[in-house]
Number of protein chains: 2
Amino acid sequence: VAFYQAGGVAFALFARASLAEDANVSATGSGFSGFTLAHNVASEEAVAATLREAVAAGGRLVRAGEKAPWGGFRGYFADPDGFLWEVCFNPFFPLDEDGFVRLPA
Amino acid sequence: VAFYQAGGVAFALFARASLAEDANVSATGSGFSGFTLAHNVASEEAVAATLREAVAAGGRLVRAGEKAPWGGFRGYFADPDGFLWEVCFNPFFPLDEDGFVRLPA
């Protein structure tokens with residue numbers, strides 16, 4: 001297991017079979033997992049650059065960066081394990097000096 | 001969409017079909033999703049109490065609280081949408097005064 005501190009949250013990577021066993025469920029499953037991970041960045045240009053970086057590192061482009069109906073700009077890639085990551089510029093959700101999202105009050 | 005601040009991370013709830021559409025993938029999928037959400041608490045007793053609270057609120061018990069091989073104590077429930085939540089006492093990962101996990105340096 002690998003743990004990463006992400007603000008007040010720990011992000012942990014497990015082997016799929018180990019996680020299913022710990023949760024007491026079958027590891028069988030396919031298709032849409034019902035969740036995505038999002039990485040918010042500071043500009044539309046940063047969305048495009050981050051997606052290029054992800055693809056260069058072995059990710060698969062799932063949605064090229066483009067305007068979202070709600071006024072932001074985002075794209076998606078799948079990592080080598082198939083997890084979906086959104087790369088997003090959200091002009092309504094500020095980032096603090098460490099790059100963490102701070103929801104408006 | 002509902003957003004919740006969780007330390008430096010925002011936790012967001014979407015309708016499944018909307019999230020799949022935004023990610024440009026099919027919403028079809030079944031079985032193990034490959035991820036779980038964990039809520040760390042301060043004691044073994046708090047694990048049992050939190051699992052009881054989750055079940056009373058409509059969750060389904062998936063693993064009753066018990067010792068884990070790595071020395072902690074944890075159980076799992078599924079929320080009404082089927083997402084798996086671990087409730088965990090980890091004596092090696094301290095919680096700060098707000099209850100957020102702080103990985104040891």
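Letters A, B, ... mirror the listed sequences (proteins, then strands); counts begin at 1.
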Just by distance, do the side chain of [X] and the backbone of [Y] share a donor-acceptor pair under 3.5 Å?
| X | Y | value |
| --- | --- | --- |
| B:Glu66 | B:Ala68 | no |
| B:Glu44 | B:Ala46 | no |
| B:Arg63 | A:Glu21 | yes |

Query raised in the report: Taking a hydrophobic cluster as the set of Ile, Leu, Val, Met, Phe, Trp and Tyr residues connected by side-chain heavy atoms closer than 4.5 Å, whether directly or through intermediates, do B:Trp85 and B:Leu61 fall within one such cluster?
Result: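 As far as the 4.5 Å side-chain criterion goes, B:Leu61 and B:Trp85 are connected within one cluster.
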Report task. Could you tell me whether the side chain of A:Leu95 reaches within less than 4.5 Å of the side chain of A:Val101, counting heavy atoms only? Result ->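 Yes, their side chains come closer than 4.5 Å.
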Tell me, for [X] versus chain B, whether the close heavy atoms (under 4.5 Å) come from the side chain, the backbone, both or neither.
| X | result |
| --- | --- |
| A:Leu84 | side chain |
| A:Phe83 | side chain |
| A:Phe14 | neither |
| A:Glu86 | side chain |
| A:Ser26 | backbone |
| A:Tyr76 | side chain |
| A:Asp22 | both |

[X] [atom1] to [Y] [atom2] distance, which is reported to the nearest 0.5 Å:
| X | Y | atom1 | atom2 | result |
| --- | --- | --- | --- | --- |
| B:Leu13 | B:Ser18 | CG | OG | 12.0 Å |
| B:Phe32 | A:Arg16 | CZ | CZ | 6.0 Å |
| B:Leu19 | A:Ser33 | CG | OG | 8.0 Å |
| B:Arg74 | B:Leu51 | CZ | CG | 11.0 Å |
| A:Phe77 | A:Glu53 | CZ | CD | 9.0 Å |

Relative to chain A, which of [options] shows the most heavy atom pairs under 4.5 Å?
| options | answer |
| --- | --- |
| B:Phe35, B:Tyr4, B:Phe3 | B:Phe35 |
| B:Gly99, B:Gly75, B:Ser30 | B:Ser30 |
| B:Gly34, B:Ala10, B:Ala38 | B:Gly34 |

Heavy-atom distances under 4.5 Å only: say whether [X] touches chain A with side chain, backbone, both or neither.
| X | result |
| --- | --- |
| B:Val62 | both |
| B:Thr36 | both |
| B:Phe11 | neither |

Query raised in the report: Which one of A:Gly29, A:Gly31, A:Ala23 has the most heavy-atom pairs closer than 4.5 Å to chain B?
Result: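 Going by pairs under 4.5 Å, I would pick A:Ala23.
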Requested in this report: Could you have a look at A:Ala12, A:Ala6, A:Gly8 and say which one has the most heavy-atom pairs with chain B under 4.5 angstrom?
Outcome: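 Heavy-atom pair counts peak at A:Gly8.
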